[in-house]
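Data first, discussion second: the structure below is written as structure tokens.
Since the structure is predicted, the reported quantities are computational estimates derived from the model, not experimental observations. In listed order, ligands and their atoms are each counted from 1. Values below: all heavy atoms of this structure, side chains included; hydrogens, waters and symmetry mates excluded.
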Amino acid sequence: MRTPWIVPSVLNADPGRLYDEVARLDAAGVDAIQWDVMDGHFVPNLTFGPEFIKASRAATSVPFEAHLMIEVPERWIDQYIDAGCETVIVHPEASIHLHRTLQEIRRMGAKAGVALNPHTPLEAIRHVLGSIDHLLVMTVNPGFGGQAYIAEMEPKIAEARDMIDATGRDIPLEVDGGIAPSTIGRAGAAGADTFVVGSALFRDPGGIAACVAECRARLAEAMEADASIRAIAGGT
Ligand code: DX5
């Protein structure tokens, strides 16, 4: 299993101080940072153009992910890569020629990621898994931070886990939406290894670093408990 990654979503940060907020996340020891890019069409919200990301690139050396919740993402991929994003994540619900788009992201030197809305089955990407470097299972309907975690997604996370394991490739399995110390354990036990955390981090009275540490601890606890259950079940 990959070392679990905690990946804050900047959507819930103070919009007037993005550079400082990114520096704060860096100081809290996060593994990467996700920028939620929204166009007001694919999702009912409007967020970050490439310039916002570029302006915060120097605040940290951790990898940036651009999660493109936009229609016709192909039009913008190069600009988000230029802005400093190592991974570009698109939605098959918005990308008509997904296979070509994934090839394009790779050709431009970035990692090609796919995010699935809650209703979209894994079958939608099974035949292009060879072109995918990063798989994200949404655990909320995209568009806003602070929504409740959809536990119904856990069987899909487990199916994605099996799908990735069957390839033998090192593909991060990310979950996004409603992830917090109270939910990260069950998402991890279902098979996720990369966790986008938004409002839980920025709203924690103990601060970002404390919330990151608690997320890691709760995940480790859950994985240990899960391992012993599997061991008992497996009679080992
Ligand atoms: C929602 C975004 C998420 C969101 C996460 O569309 O993709 O990244 O910001 O925020 P929380 O953790 O508050 O659900």
Side-chain angles (χ1 to χ4, degrees), residues 4-15 18 21-22 24-25 28 30-49 52-53 56 62-71 73 76 80 85 87-95 113-120 134-154 156-157 172-188 190 192-216 218-219:
W5 273 28
I6 303 290
V7 182
S9 149
V10 187
L11 188 63
N12 298 89
D14 177 348
L18 285 178
E21 294 280 68
V22 170
R24 219 159 54 104
L25 294 170
V30 302
D31 302 296
I33 290 174
Q34 185 180 93
W35 293 84
D36 289 311
V37 177
M38 302 179 182
D39 64 353
H41 294 280
F42 182 69
V43 289
N45 199 353
L46 206 49
T47 61
F48 312 112
F52 285 86
I53 300 179
S56 293
V62 303
F64 279 177
E65 301 174 3
H67 177 190
L68 303 186
M69 289 162 272
I70 63 176
E71 288 177 354
W76 292 91
Y80 283 98
C85 297
T87 300
V88 175
I89 304 167
V90 299
H91 277 260
E93 305 92 350
S95 182
V114 167
L116 300 174
N117 282 346
H119 73 282
T120 304
H134 189 104
L135 181 56
L136 192 168
V137 173
M138 292 297 304
T139 43
V140 295
N141 289 294
F144 304 96
Q147 300 180 81
Y149 171 77
I150 306 176
E152 287 158 281
M153 290 303 111
E154 288 162 8
K156 188 172 162 186
I157 298 168
L173 177 51
E174 188 167 51
V175 287
D176 180 10
I179 300 297
S182 57
T183 56
I184 194 168
R186 50 186 309 162
D193 55 38
T194 306
F195 305 88
V196 176
V197 190
S199 53
L201 280 184
F202 291 97
R203 291 183 187 157
D204 192 304
I208 291 178
C211 188
V212 170
E214 197 191 349
C215 282
R216 293 192 198 281
R218 301 289 288 275
L219 177 62

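Every atom of ligand 1 with a heavy atom of S199 under 4.0 Å away is listed here by number and element: 11 (P), 12 (O), 13 (O). Residue V196 approaches ligand 1 through these ligand atoms, each under 4.0 Å from one of its heavy atoms: 8 (O). Listed by atom number, the atoms of ligand 1 under 4.0 Å from G178 heavy atoms are 11 (P), 12 (O), 14 (O). Ligand-side atoms of ligand 1 in range of Q34: 8 (O), range being under 4.0 angstrom from any heavy atom. Of all atoms in ligand 1, numbered sequentially from 1 with element shown, those under 4.0 Å from a heavy atom of G146 are 11 (P), 13 (O), 14 (O). For ligand 1, the atoms sitting less than 4.0 Å from at least one non-hydrogen atom of M69 are 6 (O), 7 (O), numbered in the order shown with element in parentheses. Taking every heavy atom of G177 and a limit of under 4.0 angstrom, the matching atoms of ligand 1 come to 14 (O). Taking a cut-off of under 4.0 Å to the non-hydrogen atoms of H67, the atoms of ligand 1 that pass are 7 (O).
The shortest contact between atom 1 (C) of ligand 1 and any protein heavy atom is with F144 O, 3.5 Å. Protein heavy atom in closest approach to atom 3 (C) of ligand 1: D176 OD1, 3.0 Å. At the shortest separation from atom 6 (O) of ligand 1 among protein heavy atoms lies G143 N, 2.7 Å. Among protein heavy atoms, atom 9 (O) of ligand 1 sits closest to S9 OG, 3.0 Å.
Between G198 and ligand 1, an N or O atom pair is found at a separation short of 3.5 Å. At least one N or O atom of D36, backbone or side chain, sits closer than 3.5 Å to an N or O atom of ligand 1. Distances between N or O atoms of N141 and those of ligand 1 include no value under 3.5 Å.
Annotation: the span from R216 atom CZ to D31 atom CG amounts to 4.5 Å, rounded to 0.5 Å. Within the model, atoms CE of M138 and CD of E174 stand 9.5 Å from one another, a figure rounded to the nearest 0.5 Å. Interatomic distance, CG of D193 versus CG of L135, reported as 10.0 Å (0.5 Å rounding). Taking CD1 of I6 as the start and CD of E214 as the end, the distance is 11.0 Å to the nearest 0.5 Å. We find the CG-CG distance between N117 and L136 to be 10.0 Å, quoted to the nearest 0.5 Å.
For T183, the side chain to side chain contact (heavy atoms under 4.5 Å, CB included) partners are Y149, I179, A180, not counting sequence neighbours.
Heavy-atom distances between A200 and ligand 1 stay at or above 4.0 Å for every pair.
Looking at D36 and S9, their side chains do bring a donor and an acceptor atom within 3.5 Å of each other.
Among all heavy-atom pairs drawn from I89 and T87, the shortest one is CG1-CG2, 4.0 Å.
The main-chain N or O of A210 is never found under 3.5 Å from a side-chain atom of D204 such that the two would form a donor-acceptor pair.
Contacts with ligand 1 closer than 4.0 Å are made by no heavy atom of V43, backbone or side chain.
For the ring-ring contact (aromatic ring centres under 6.0 Å, His included) with F48, the qualifying choice from Y80, W35, W76 is W35, the only one to do so.
Side-chain contact between L25 and L201 is present, with at least one heavy-atom pair separated by less than 4.5 Å.
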